[in-house]
Amino acid sequence: MRVLVTPDYRTLSRTAAELVIKAVRAKPDLTLGLPTGSTPLGMYEEIVREYRDEHLDFSNMRTFNLDEYVGLLHDAPKSYHSYMRRHFFQHVNVSPGNINIPEGKPGVDFDAEAERYEKAIREAGGIDLLIVGIGTNGHIAFNEPGAPFDSRTRVVDLAPETILNAQRHFGNEHVPRKAITMGMGTIREARRIVLLASGAHKANAVERALRGPVSESVPASALQLHPRVIVILDETVKKN
Ligand code: F6R
């Protein structure tokens, strides 16, 4: 596991964006796994800037998002479909048919959807590069503490801590209690994984993930078992 400690959030974002851009340049039909949340916002900005300035071509790239809330329509402002459109897809030329986000809208048969998602990842040849964040409770995607390391895409209950953290973004709106998420098994099959973490509130989770025992009680600790992981932190998250 390589750990890069950058001086600030801007550099963290720039470093993550450069990894993505380099990967797309080397393999224009890259399959890229993508997170949402606060942490990758700067990375998306940097990729979009580079796309504009350097005339990058994302039209052959495929993307798979990590997760989506259950119960929100695509157009709901807090859905991850909306987030991805707002922060990334509306600014770049990823072909709409190459964008994959798990379906969380009401009325979906979620077992069938989970199977469909796994099949789509397999048929794409697996994920080449997967960017992930980490929850304050050590979750990766919405694999909350206790999630089996061999779990696949499925609907899960959000942990109380996750709901509490999300409430800041949802304001007065109700935070969904469930999400559909790639499993830890799905994530561990990605060829390369990049973990991003910024902020003192993540220090404890990062410490447990990188240096603690490998345990399903800290889902991110599974990354210690993966042969190609890069962790990008900024000074605010670094302990000691
Ligand atoms: C988002 C996701 C989550 C977040 C994590 C950190 O798609 O899968 O695991 O990466 O909750 O969120 P932020 O970046 O908002 O601190």
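Ligands are counted one by one from 1 in listed order, and the atoms in each one are counted from 1 as well.
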Q) Is a side-chain donor-acceptor pair under 3.5 Å present for E103 with H74? A) yes
**Q.** Which of the ligand 1 atoms, numbered from 1, are nearer than 4.0 Å to a heavy atom of G133
**A.** 10 (O)
**Q.** I140 N/O under 3.5 Å from ligand 1 N/O
**A.** no
Q. Which is closest to atom 2 (C) of ligand 1 by heavy-atom distance: D67, I187, T36?
A. D67
Q | Validation row: T36, D67 side chains within 4.5 angstrom (heavy atoms) | A | yes
Q | Enclosure of E115 CD (heavy-atom neighbours >12, cutoff 6.0 Å) | A | no
Q. Who pairs with E189 by side-chain hydrogen bond (donor to acceptor under 3.5 Å, both in side chains), at least two apart in sequence or on another chain?
A. R152
Q: Record the part of T39 in heavy-atom contact with ligand 1 below 4.0 Å; permitted values are side chain, backbone, both and neither.
A: both
**Q.** Distance from atom 15 (O) of ligand 1 to nearest protein heavy atom, with residue and atom
**A.** S38 N, 2.8 Å
Q) Where's the contact between I134 and ligand 1, heavy-atom distance under 4.0 Å: side chain, backbone, both or neither? A) backbone
Q. Would one find more than 12 heavy atoms of other residues, nucleotides or ligands at under 6.0 Å from atom NZ of K119?
A. no
Q: Could you check which of A141, A166, P219 puts a non-hydrogen atom nearest to atom 3 (C) of ligand 1?
A: A141
**Q.** Heavy-atom nearest neighbour of atom 11 (O) of ligand 1 within options R168, M84, H139, E144
**A.** H139
Q: Say whether H169 and ligand 1 are in contact under the criterion: heavy-atom distance to a ligand atom below 4.0 Å.
A: no
Q | Any N or O of K202 closer than 3.5 Å to N or O of ligand 1 | A | yes
Q) Hey, are the side chains of S221 and F149 touching, using non-hydrogen atoms and a 4.5 Å cut-off? A) yes
Q: Assign the ring pair F88 / Y44 to parallel, tilted or perpendicular, where the plane angle (0 to 90°) is split at 30° and 60°.
A: tilted
Q. Residues two or more places apart in sequence or in another chain: which of them pass side-chain hydrogen bond (donor to acceptor under 3.5 Å, both in side chains) with R10?
A. E46
Q.
Can you name the atoms of ligand 1, numbered from 1 with element, that are less than 4.0 Å from a heavy atom of L66?
A. 8 (O)
